[in-house]
Protein chains: 2
Amino acid sequence: MLELRTVIDTMQQCGSVQLFANYEKSAGNYFADADGNLFLDVYTQISSLPLGYNHPALLNAFQNDSEVRALVNRPALGVFPADDWPRKLRDVLLSVAPPGLRHVMTMMCGACSNENAFKAAFILYCTKKRGGKTTFTEEEMKTALLNIPPGAPDLSIMSFKGLNSSGAFHGRTFGTLATTKSKAIHKLDFPSFEWPVARFPEYKYPLEEFKRENEQQDKECLAHVEEQFDKWEKKKPTAGVIIEPIQAEGGDNHASPEFFQELQKICNRRGAALIIDEVQTGCGPTGKMWCHEHFNLPSPPDLVTFSKKMLTGGFYFKPEYLTPQPLRIFNTWMGDPSKLVMLEQVIKVIKTEKLLQLVEETGKVLKNGLHSLETEFPSMMNSVRGRGTFLAFDVATPELQDKIVQTLKQNGVLGGSCGIRTIRLRPALIFEPKHAELFLEILRKTLRQLNGHRPASYASHATDFSLPFIETHTTACTDPYRTDNSSPMPTCDA
Amino acid sequence: MLELRTVIDTMQQCGSVQLFANYEKSAGNYFADADGNLFLDVYTQISSLPLGYNHPALLNAFQNDSEVRALVNRPALGVFPADDWPRKLRDVLLSVAPPGLRHVMTMMCGACSNENAFKAAFILYCTKKRGGKTTFTEEEMKTALLNIPPGAPDLSIMSFKGLNSSGAFHGRTFGTLATTKSKAIHKLDFPSFEWPVARFPEYKYPLEEFKRENEQQDKECLAHVEEQFDKWEKKKPTAGVIIEPIQAEGGDNHASPEFFQELQKICNRRGAALIIDEVQTGCGPTGKMWCHEHFNLPSPPDLVTFSKKMLTGGFYFKPEYLTPQPLRIFNTWMGDPSKLVMLEQVIKVIKTEKLLQLVEETGKVLKNGLHSLETEFPSMMNSVRGRGTFLAFDVATPELQDKIVQTLKQNGVLGGSCGIRTIRLRPALIFEPKHAELFLEILRKTLRQLNGHRPASYASHATDFSLPFIETHTTACTDPYRTDNSSPMPTCDA
């Protein structure tokens with residue numbers, strides 16, 4: 001491992017590398033590292049693996065000649081799509097479209113999906129302002145090339161950040177980074193657009209105990225959204241509002257269905273696009289294909305962006321966001337057909353193996369277990385929250401957050417943190433109740449080890465870890481008891 | 001074809017779609033459409049296919065289990081790279097690194113490569129301004145999250161545009177789009193950064209006839225670069241200068257080696273990064289792996305970005321552009337290992353089949369042929385220019401540009417346009433002299449048809465097209481004589 005680090009270190013900044021993986025030996029919910037250690041993975045490559053490692057359906061996805069050809073003949077999809085592309089868009093992407101949406105564009109990654117959703121919002125906003133006219137003035141054409149108004153208008157996209165918590169994460173390209181409000185280190189030294197930021201609710205848990213306080217949060221934050229619209233109307237009118245159904249990198253911050261319903265009303269009234277960023281929440285981990293389905297919105301969001309578990313980037317949209325001219329939402333590749341070959345298999349498995357149901361079932365086991373642990377360790381953890389297996393809890397301090405992630409790793413679990421003092425669970429959709437039990441057992445052991453900050457003594461707890469839980473098809477060396485503490489563990493928000 | 005268009009039209013803006021492809025039947029330099037027509041492809045998916053269609057080396061790239069696993073276990077490369085990733089970076093990407101560069105980051109596409117090169121430039125610029133200090137003030141941390149200085153400083157990236165021609169193209173995400181100066185339609189309605197734009201030389205051809213005038217162009221444009229540095233120094237200091245070795249989308253605008261040498265000197269003196277955007281020129285089409293190798297720069301450029309034919313995005317960089325902290329040049333996927341599986345094969349084929357030599361050889365045939373044609377049709381075409389097979393010529397009017405591309409298509413050739421009145425050639429690296437001869441023959445026929453704007457009469461020229469040239473391993477229906485004229489042909493700059 002150290003040797004690999006030495007090699008990569010000569011070629012790039014690799015301080016973020018936690019472990020080198022053995023992807024031949026990784027299987028299902030288990031990640032194998034290059035040293036032969038095996039980890040139960042509840043982080044799954046920053047929440048981007050729908051079916052864990054080496055799922056047979058994916059290993060077999062490229063058995064046919066036609067799939068291999070989709071892989072090696074990557075077209076400029078916007079110009080020369082394959083003859084089966086319309087079918088794929090329809091049968092794969094539209095088969096899981098958010099209720100009410102029937103249009104979709106493919107992209108490369110989450111950031112570029114959000115960037116292009118912004119563009120769609122700006123285009124519709126400006127087209128409306130022109131009274132529907134789809135031609136441009138000479139001045140607009142000229143100033144667009146100079147990056148100044150009216151051709152490049154001073155418009156904005158609104159995003160969210162809680163008063164005391166870390167905020168939105170929508171990507172790191174310059175457009176999306178302007179709306180990202182998670183950590184300063186993501187943004188330092190980069191010029192940006194000064195755009196409106198509205199308050200995101202900060203709930204107290206358990207929700208049923210703090211109903212009044214949390215409703216008050218919703219109210220104040222919605223009022224703040226209105227304020228922001230007013231404040232920026234003269235300066236840089238807001239063409240769109242982007243929001244995650246659950247602010248993930250920001251600390252798994254939730255808002256109620258009522259909050260989202262009201263937000264949609266405000267956007268409609270203000271003529272701004274409501275962009276739901278489902279990059280991390282989409283594709284099932286909350287128990288529904290799209291997290292915003294939990295919100296019972298009276299009409300679909302204007303734009304819904306996706307990536308990660310969907311394997312391809314892209315966005316669904318209402319027909320009014322079809323651009324009046326071609327080539328305005330465009331790039332060379334416009335996605336990658338080989339990702340749809342895999343996504344088609346993923347969706348098939350989700351349906352035939354009823355994985356959304358499994359997510360609900362496993363999620364219940366996980367959440368109940370976490371609630372027990374917060375009762376058992378009230379000084380260490382609290383605020384268990386989430387939907388499906390998209391769960392999180394807060395811990396007492398940022399230091400404890402680091403220690404928990406590190407100790408989990410030493411105990412054989414790859415976990416993730418987010419926000420300032422949150423531990424997040426992002427298992428694959430194939431995470432079963434038995435994996436949940438195993439995780440809870442290791443988490444309990446970890447909390448015990450760290451309780452009262454007494455020095456961890458791994459060996460004495462080794463028997464806590466029930467090896468029989470490890471899936472029998474895993475051929476890897478099953479030694480999750482790494483005692484070295486070599487890797488620094490920076491937070492890998494992405 | 002019409003039916004496919006009807007289906008896709010219900011799902012997205014598809015005005016840019018020219019043809020639906022049959023990628024099973026496409027082979028080598030020949031593109032097969034869904035109706036069974038075959039085209040000699042000198043456009044190759046907006047210049048993104050290194051080895052044409054269905055090259056055996058690529059079809060066989062995923063024969064081994066380990067390659068399939070690289071495909072289906074896509075990691076967060078910045079956190080959990082596979083144990084063979086350091087080797088791949090070294091043996092694949094560094095094996096073709098521009099002379100003098102030994103560091104590389106992978107990305108997803110050209111735009112995101114350029115966005116991240118900008119970030120690297122901004123980070124080094126700010127670190128230097130801090131006297132090398134790698135910590136931040138409270139104020140910087142706070143203002144970065146607010147998108148305002150000093151944390152989000154008012155810095156700029158300089159790009160280029162000729163006085164009378166179309167300009168730079170560096171991508172369509174919000175950061176890169178600010179430096180893109182090709183067409184207004186790419187930029188209209190999007191807020192942007194007001195950043196410096198320097199003049200790009202506008203040469204007269206043939207070069208040897210206009211030596212004095214062209215040197216004068218260089219001189220004036222370099223003076224303009226200096227002026228821009230001065231002008232923006234107070235307002236938004238320039239941290240980097242991005243330039244294509246050949247402005248491709250802008251109209252295949254060239255600048256001399258001397259221009260680039262002087263530009264590098266200016267950047268060094270001004271403390272700004274020189275970013276060479278080799279997204280379209282990289283990976284061999286000019287006869288060298290990297291086009292800037294033709295410029296004999298005394299030291300390597302600071303950053304060299306790539307994508308398209310390289311199959312993966314990314315950038316090479318000098319070691320001083322290693323960020324002082326991890327996670328500042330970062331995203332979830334950081335590229336895609338499966339693209340390196342293919343790139344490894346591409347590089348092997350380039351080397352074993354001496355494709356750079358072939359590019360030179362074929363390029364000579366093509367260029368000589370184009371020169372003959374400009375002598376034969378002086379009122380229609382002129383200014384033949386380029387390196388290797390990365391060639392172009394101007395035509396009399398934008399209308400003629402459209403007509404030539406359309407008529408070429410009817411005659412069995414997929415060609416591309418760029419700039420205002422330029423036809424560009426972007427064949428794959430496997431384009432041989434025989435394909436060049438075939439192309440020249442069809443171009444000659446096309447020019448004859450259009451000469452004097454007399455109505456084209458396709459049938460009478462059918463015998464001009466020598467079928468024996470078509471590669472025998474092509475099993476497709478060989479009927480390139482499409483008489484329908486169904487598709488609109490927007491310019492697909494990307």
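Chain A is the first sequence line, chain B the second, and so forth, proteins listed ahead of strands; every chain is numbered from 1. Any value given below was found using the heavy atoms of this structure, including those in side chains, with hydrogens, waters and symmetry copies removed.
Put simply, of B:Ile8, B:Val197, B:Asn73, B:Val68, the one with the most heavy-atom pairs under 4.5 Å next to chain A is B:Asn73. Heavy-atom pairs under 4.5 Å with chain A were tallied for B:Thr127, B:Leu155, B:Ile157; the largest tally goes to B:Leu155. Interface remark: of the candidates A:Gly110, A:Ala144, A:Ala178, A:Ala144 forms the most heavy-atom pairs closer than 4.5 Å to chain B.
Of the atoms belonging to A:Phe62, it is side-chain heavy atoms, and not backbone ones, that fall under 4.5 Å from chain B. Using a 4.5 Å cut-off between heavy atoms, B:Ser338 contacts chain A through its side chain alone, with no backbone atom that close. Contacts between A:Cys14 and chain B at a heavy-atom distance below 4.5 Å are absent for every atom of the residue. When heavy atoms are compared at a cutoff of 4.5 Å, A:Phe31 approaches chain B solely by way of its side chain, counted from C-beta outward. With a threshold of 4.5 angstrom between heavy atoms, A:Tyr125 does not approach chain B through any atom at all. Of the two parts of A:Leu4, the backbone and the side chain both hold a non-hydrogen atom closer than 4.5 Å to a non-hydrogen atom of chain B. With a threshold of 4.5 angstrom between heavy atoms, A:Arg90 approaches chain B through its backbone and through its side chain. There is no contact between B:Leu51 and chain A, counting heavy-atom distances below 4.5 Å. Using a 4.5 Å cut-off between heavy atoms, B:Met342 contacts chain A through its side chain alone, with no backbone atom that close. With a 4.5 angstrom heavy-atom cutoff, A:Ser48 touches chain B only via side-chain atoms. Neither the backbone nor the side chain of B:Asn116 has a heavy atom closer than 4.5 Å to any heavy atom of chain A. Heavy atoms of B:Pro149 lying under 4.5 Å from chain A are absent altogether.
Inter-residue side-chain proximity for A:His186 and B:Phe330 is flagged as unmet; no heavy-atom pair is nearer than 4.5 Å.
Sorted by first and then second residue, the salt bridge (charged side-chain N to carboxylate O under 4.0 Å, His left out) pairs involving residues 6-21 of chain B (not counting sequence neighbours) form an empty list.
Checked against side-chain hydrogen bond (donor to acceptor under 3.5 Å, both in side chains), A:Arg130 has the following partners two or more places apart in sequence or in another chain: A:Glu140, B:Asp189.
Taking the six-membered ring for Trp and the full ring otherwise, the centers of A:Phe20 and B:Phe80 sit at least 6.0 Å from each other.
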